Amino acid sequence: MKALLLENIHDEAVRTLKQAGYEVERVSEALDEDDLISALDGVDLLGIRSRTRVSRRVVEACGDNLTAVGAFCIGTNQMDLATMAQAGVPAFNAPYSNTRSVVELVMAEIIALARRLGDRNTQMHNGVWRKSAIGSHEIRGRRLGIIGYGNIGQQLSVVAESMGMQVFFYDIADVLPMGNAHKCESMEELLGSVDTVSLHVDGRPSNNNLIGAREFAVMRPRSLFLNLSRGKVVDIDALVDNLRTGHIAGAGVDVYPEEPASGKELFTSPLRELDNVILTPHIGGSTQEAQVDIGRYVAGKLVDYVENGATGMSVNIPEITPSPRTGARIGHLHRNIPGVMATLNRLVADQGGNVTYQALATKGELGYCVLDIAETDGGLLASVTDLEGTIRARIL
């Protein structure tokens with residue numbers, strides 16, 4: 001097996017893949033569509049981060065050669081997941097590995113904004129000694145509103161409460177509160193109840209411009225606002241307007257609607273003109289601890305799929321975490337239509353195979369099963385591949 005890792009994926013991923021016996025090639029930058037197609041010639045496993053796009057054209061150009069893709073980050077919007085699923089290419093990501101890193105940066109920015117540390121730091125570097133408490137506040141007792149109460153939102157809730165903040169949250173899912181957090185029934189209720197707002201939502205199209213002029217108007221005067229989730233969920237022009245009027249007292253922004261493809265490109269944004277904004281270059285999860293964990297986790301998922309057919313935590317095909325292998329193993333991704341499993345089992349029996357283990361999971365139009373067979377021969381894979389409804393089959 002050969003793996004291609006792009007965008008400076010951590011050494012831990014290289015170590016994990018090489019330990020499994022795979023050849024690993026590394027590229028420090030993201031690749032555009034044409035270069036990616038060329039680079040994938042002879043590659044079984046692809047590792048990317050947020051800037052490389054795995055488009056329909058890329059997937060179709062790879063044919064059956066590409067076995068799986070790992071996104072060494074949280075987001076998966078850079079991959080055409082539906083096309084990958086139809087081609088039998090599972091995708092894995094790291095939804096939990098950088099949770100703590102993001103939470104710590106959020107808390108650091110809330111404190112920095114509340115204490116006006118950016119202003120004080122700039123003044124000191126300019127030789128200005130301004131020892132004053134004006135405009136500086138503790139975060140203890142402040143009301144923090146969390147929009148999106150998933151893994152990051154929940155951990156932020158716990159950490160913020162431990163530092164004395166009152167926590168409110170809103171999520172479209174029915175999520176239980178952590179600690180003493182208060183669940184809001186609408187986003188409007190949350191925005192009007194708190195003095196600090198932090199976004200932790202995903203990049204689905206329905207979240208584009210989730211926060212705009214109308215939502216800023218609902219917020220309390222002199223609120224703090226933070227977005228360390230996705231760039232397109234905030235109307236940047238509306239945020240700039242509210243920062244200039246002082247309705248929003250300060251903001252921390254880590255993600256942007258348009259981001260440079262590399263450090264060689266100039267970052268442009270109207271937010272650069274404002275001194276009451278902390279700007280960071282999409283580094284919410286960029287700590288050494290998080291990158292080590294992401295490298296180990298995603299690379300481990302790729303290896304587990306190749307060696308065992310495991311699809312646990314896959315973002316685009318049905319999830320199975322199989323038991324240890326008891327014979328030759330078949331991984332069979334198919335269309336979720338009646339009769340596929342019956343035909344598959346009959347085929348195995350007709351060829352003299354004895355099923356010693358079987359697991360099945362479905363997800364929408366897809367089904368995925370893992371079968372262990374005590375006895376088989378080399379002709380079984382061709383027979384399984386020819387079954388009606390088969391998308392992709394592998395004998396491990």
Side-chain angles (χ1 to χ4, degrees), residues 74-77 95-96 99 102-103 105-107 109-110 113-114 137 139-257 271 276-277 284:
I74 293 179
T76 59
N77 293 341
Y96 310 119
T99 297
V102 176
V103 167
L105 183 58
V106 172
M107 293 305 303
E109 292 193 355
I110 291 174
L113 290 167
H137 301 277
I139 67 167
R140 179 177 54 179
R142 291 186 75 102
R143 292 176 157 226
L144 171 64
I146 302 171
I147 299 176
Y149 206 60
N151 304 314
I152 294 174
Q154 289 179 8
Q155 187 160 151
L156 174 60
S157 177
V158 172
V159 174
E161 186 175 313
S162 73
M163 296 189 70
M165 300 188 81
Q166 300 177 56
V167 178
F168 297 73
F169 73 91
Y170 170 73
D171 197 294
I172 58 174
D174 188 11
V175 188
L176 291 174
M178 305 292 287
N180 296 313
H182 173 76
K183 180 180 180 180
C184 295
E185 296 303 318
S186 68
M187 193 164 67
E188 288 72 19
E189 177 191 347
L190 177 140
L191 295 175
S193 303
V194 302
D195 47 42
T196 303
V197 175
S198 188
L199 294 184
H200 300 284
V201 299
D202 61 29
R204 70 187 68 181
S206 60
N207 282 336
N208 286 354
N209 288 330
L210 180 70
I211 303 296
R214 187 178 70 87
E215 288 72 26
F216 284 120
V218 177
M219 294 183 197
R220 292 183 172 186
R222 305 298 297 167
S223 291
L224 301 178
F225 177 78
L226 299 100
N227 180 23
L228 287 84
S229 59
R230 299 291 186 273
K232 293 185 178 180
V233 303
V234 177
D235 182 338
I236 294 296
D237 291 335
L239 174 58
V240 169
D241 289 343
N242 280 271
L243 286 164
R244 282 177 172 156
T245 64
H247 181 67
I248 300 299
V253 183
D254 186 53
V255 289
Y256 311 88
L271 293 168
N276 55 342
V277 184

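Everything numeric in this text was worked out from a predicted model, so none of it was measured. Values reported hereafter were calculated over all heavy atoms of this structure, with side chains retained and with hydrogens, waters and symmetry mates removed.
- Shown are L144, L113, I139; of these, the side-chain contact (heavy atoms from CB on, under 4.5 Å) with T196 is made only by L144.
- The side-chain contact (heavy atoms from CB on, under 4.5 Å) test with I211 singles out one residue from V233, V197, L199, and that residue is L199.
- Under the 4.0 Å criterion applied to side-chain N and carboxylate O atoms, K183 and E189 are not assigned as salt-bridge partners.
- Partners of Y149 under the side chain to side chain donor-acceptor pair (under 3.5 Å) rule, at least two apart in sequence or in another chain, are S157.
- Atom CG in L176 sits 11.5 Å away from atom CG in D171 (nearest 0.5 Å).
- Atom CG of residue N242 and atom OG1 of residue T245 lie 5.0 Å apart, to the nearest 0.5 angstrom.
- Heavy atoms only, all atoms of each residue included: V103 and V159 are closest at CG1-CG2, 3.9 Å.
- The minimum heavy-atom distance between Y96 and T99, with the atom names listed, is O-OG1, 2.9 Å.
- When every heavy atom of A251 is checked against every heavy atom of L239, the shortest pair comes out as CB-CD1, 4.4 Å.
- The only option from N151, L228, V106 that meets the side-chain contact (heavy atoms from CB on, under 4.5 Å) definition with L156 turns out to be V106.
- Within the 4.5 Å cutoff, no side-chain heavy atoms of H200 are placed close to those of Q154.
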Yes or no on side chain to side chain contact (heavy atoms under 4.5 Å, CB included) for F216 and V234, after CA distance, side-chain angles and deciding distance?
-> CA-CA 10 Å; F216 284 120; V234 177; 4.2 Å; yes

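- In this structure, CD in E215 is found 9.0 Å from CG in N209, a value given to the nearest 0.5 Å.
- When all heavy atoms of R143 and V194 are compared, the closest pair comes out as O-CB, 3.3 Å.
- Minimum interatomic distance between A213 and A238 (heavy atoms only, all atoms of both residues): N-CB, 3.6 Å.
- Within the model, atoms CG of D195 and CZ of F168 stand 9.0 Å from one another, a figure rounded to the nearest 0.5 Å.
- Under the side-chain contact (heavy atoms from CB on, under 4.5 Å) criterion, P221 pairs with H247, sequence neighbours left out.
- Here the straight-line distance linking atom CG of L224 with atom CD1 of I110 works out to 7.5 Å at 0.5 Å rounding.
- Between E161 and V167, the closest heavy-atom pair is N-CG2, 4.1 Å.
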Before giving the answer on side chain to side chain contact (heavy atoms under 4.5 Å, CB included), spell out for R230 and I74 the whole-Å C-alpha distance, their side-chain angles and the decisive distance to 0.1 Å.
-> CA-CA 11 Å; R230 299 291 186 273; I74 293 179; 4.0 Å; yes

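- Rounded to the nearest 0.5 Å, atoms CD1 (I248) and CZ (R222) are 9.5 Å apart.
- Within the 4.5 Å cutoff, the side chain of L191 has heavy atoms near those of the I147 side chain.
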